[in-house]
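First the proteins, then the strands, lettered A, B, ... as listed; each starts at 1.
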Protein chains: 2
Amino acid sequence: MKDITPQQQKVLDCIQVYINKTGFPPTRADICRELGFKSPNSAETHLRALEKKDFISIESGASRGISINNPEIKHEGNEYPIVGLVAAGSPTLASENVEKVLNCPKGFFGSDFDYFLRVRGLSMKDAGIMEDDLIAVKKTQEIKNGDIVIARIEDEVTVKYFQRSAPNIVHLKPANEEFNDIEVNLEETELYIEGKSVGLIREN
Amino acid sequence: MKDITPQQQKVLDCIQVYINKTGFPPTRADICRELGFKSPNSAETHLRALEKKDFISIESGASRGISINNPEIKHEGNEYPIVGLVAAGSPTLASENVEKVLNCPKGFFGSDFDYFLRVRGLSMKDAGIMEDDLIAVKKTQEIKNGDIVIARIEDEVTVKYFQRSAPNIVHLKPANEEFNDIEVNLEETELYIEGKSVGLIREN
DNA sequence: AAATATACTATATATTTATACAGTATAATG
DNA sequence: CATTATACTGTATAAATATATAGTATATTT
């Protein structure tokens, strides 16, 4: 796969999030609204770049004719991918990150979810989340204070409690005295919320 | 809500197939082309009917703003009882103790198991076992030191680490500093091992 | 018998949307 | 140093699209 620029990654994520949220792809104007661009041509040029690099396909002439190419692994039926260590900059569900799949009935955790994340480290120990546990992750941007989120800060993936302290300040709080809070200033640092935890499985 | 006419089913299938094929929903004209209609209003009225019956959602004003509402819910695998507070003297799996059943594929936890136990209290907190968690219990007498066991001492059910200290002395150790070890002298006290924990599920 | 839902054709139109064209600016490349 | 890629604003417009309105016809329900 070719290299993607940070802005192009943002646009690609934006398309994925939009599709997850609405069920259909965004227009150029939608992308501008989401990312703060003021000209539809900003979106257009990014889309053309993403198409050239083969990340997306664009159906010429059709409205909303965007589809994502390197399709994230779909859980068909009841198979959910188990994602381990996520390589820096790599889309979470890219096939190289999937260690195996787990068969799990729909509605198992009350809420829908998208994949399992294998936990590394003990930073959420006091929330009963231990090393090697599998967290059921729902890809969503709808996060409330106190939710356990899967966050990406500068290509590092981490599981923490989410707390928005001010419009531009987010605290990612561990559940373990030996770890420190992570304060994220959204104006300085890019924070991407992959989703939130809706359940947990421990195999032993 | 439930009943769908054959034509409406055709339109619904058409939408699903179109999304699978292209990655984005069809326009009215696309549906007409696929199904041989000659007026876009044929598609429109079917879409409105499907929306009214809650099979799809339509984003007003947006092109291709169709999303499918009801994903298929399949029931496969096996039903396992969830056991809550076990009344004194009552057989664990008696029907009055089963709060509900949970559908869970065979081999989910590597090992077979027999039922889920809903955890009360925080005595195993440091082992990542929290209140309301579901422990997958395998009914067995083959216990090794260090296993997490479900034990019954004089009609009280408890979850603890198992440690045999002497032929007739068993220690049931909590994973929480605020709780004390339970020392059981098998000559004095009756100890029944229900089984051991082979997995854990948390719904949140 | 009347009202309602289904199942279409046909035409019209306001709005949405993709996309081209004209610029500005910066960083990397060869 | 010219070229190319990135990263934008701003404006314009042809084409795509949703959707309303006007009909026809059949079956089902009240």
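Between A/Lys138 and A/Thr140, the side chains place no donor N or O within less than 3.5 Å of an acceptor N or O (distance only, hydrogens not considered). When only modelled atom types and interatomic distance are considered, A/Asp13 and A/Tyr192 share no side-chain donor-acceptor pair under 3.5 Å. A donor and an acceptor atom, one from each side chain of B/Ser57 and B/Asn69, are located under 3.5 Å apart. B/Gln8 and B/His46 share no side-chain donor-acceptor pair at under 3.5 Å.
When the P atom of D/dG10 is taken as reference, atom CZ of A/Phe37 falls 14 Å away, rounded to whole Å. Look at CD on A/Glu59: it is 11 Å from P on D/dA16, rounded to the nearest Å. Straight-line distance from the CG atom of A/Leu47 to the C1' atom of D/dA7: 14 Å, rounded to whole Å. Atom NZ in A/Lys38 sits about 18 Å away from atom P in C/dT24, given to the nearest Å. B/Phe24 places its CZ atom 9 Å from the P atom of D/dT17, with the value rounded to the nearest Å. The CG atom of A/Leu35 sits 13 Å away from the C1' atom of D/dA7 (whole-angstrom rounding). For the pair A/Glu44 CD and C/dT17 C1', the computed distance is 10 Å after rounding to whole Å. Atom NZ of B/Lys53 and atom P of C/dT4 are 17 Å apart (whole Å).
Comparing B/Gln8 and B/Asn41 against DNA chain C, the residue whose closest nucleotide sits nearer the 5' end is B/Gln8. When the nearest nucleotides of DNA chain D are assigned to A/Cys32 and B/Arg64 by heavy-atom distance, the more 5′-ward of the two goes with A/Cys32.
The phosphate of C/dA7 has OP1 or OP2 within less than 4.0 Å of a side-chain N or O from B/His46. Taking 4.0 angstrom as the limit, A/Gln7 places none of its side-chain polar atoms (N or O) nearer than this to OP1 or OP2 of D/dT6. For D/dT19, one of the phosphate oxygens OP1 or OP2 lies less than 4.0 angstrom from a side-chain nitrogen or oxygen of B/Ser60. For the OP1/OP2 pair of C/dA7 and a distance below 4.0 Å, the side-chain nitrogens and oxygens of B/Ser42 include no atom meeting the criterion. For D/dT17, one of the phosphate oxygens OP1 or OP2 lies less than 4.0 angstrom from a side-chain nitrogen or oxygen of A/Ser63. The phosphate of C/dA18 (OP1 or OP2) has a side-chain N or O of A/Arg28 nearer than 4.0 angstrom. For B/Thr45, no side-chain nitrogen or oxygen approaches OP1 or OP2 of C/dT6 to under 4.0 Å.
Side-chain proximity of B/Lys52 to the nucleotides D/dT11, D/dC8, C/dA5 is greatest for C/dA5. Picking from D/dC8, D/dT6, C/dA10 the nucleotide with the shortest atom distance to the side chain of B/Ser39 gives C/dA10. Considering only side-chain atoms of B/Thr27, the nucleotide from C/dC8, D/dT6, D/dA18 that sits closest is D/dA18. Of the candidates D/dT6, C/dA7, C/dA10, C/dA7 carries the atom nearest the B/Pro6 side chain, counting heavy atoms from C-beta on.
The aromatic ring centroids of A/Tyr80 and A/Phe108 lie 6.0 Å or more from each other.
Annotation for B/Met124 and B/Ala175: closest pair SD-N, 3.5 Å, computed over non-hydrogen atoms.
In the helix from C/dA1-D/dT30 to C/dG30-D/dC1, the rotation axis of the first five pairs and that of the last five pairs differ in direction by 30°, rounded to 10 degrees.
Within 4.0 Å of B/Ala62, counting heavy atoms only, lie sugar-phosphate atoms of the nucleic acid but no base atom.
Between B/Leu50 and B/Ile4 the shortest side-chain heavy-atom distance falls below 4.5 Å.
Taking the six-membered ring where the residue is Trp, A/Phe116 and A/Phe113 present tilted rings, their angle falling between 30° and 60°.
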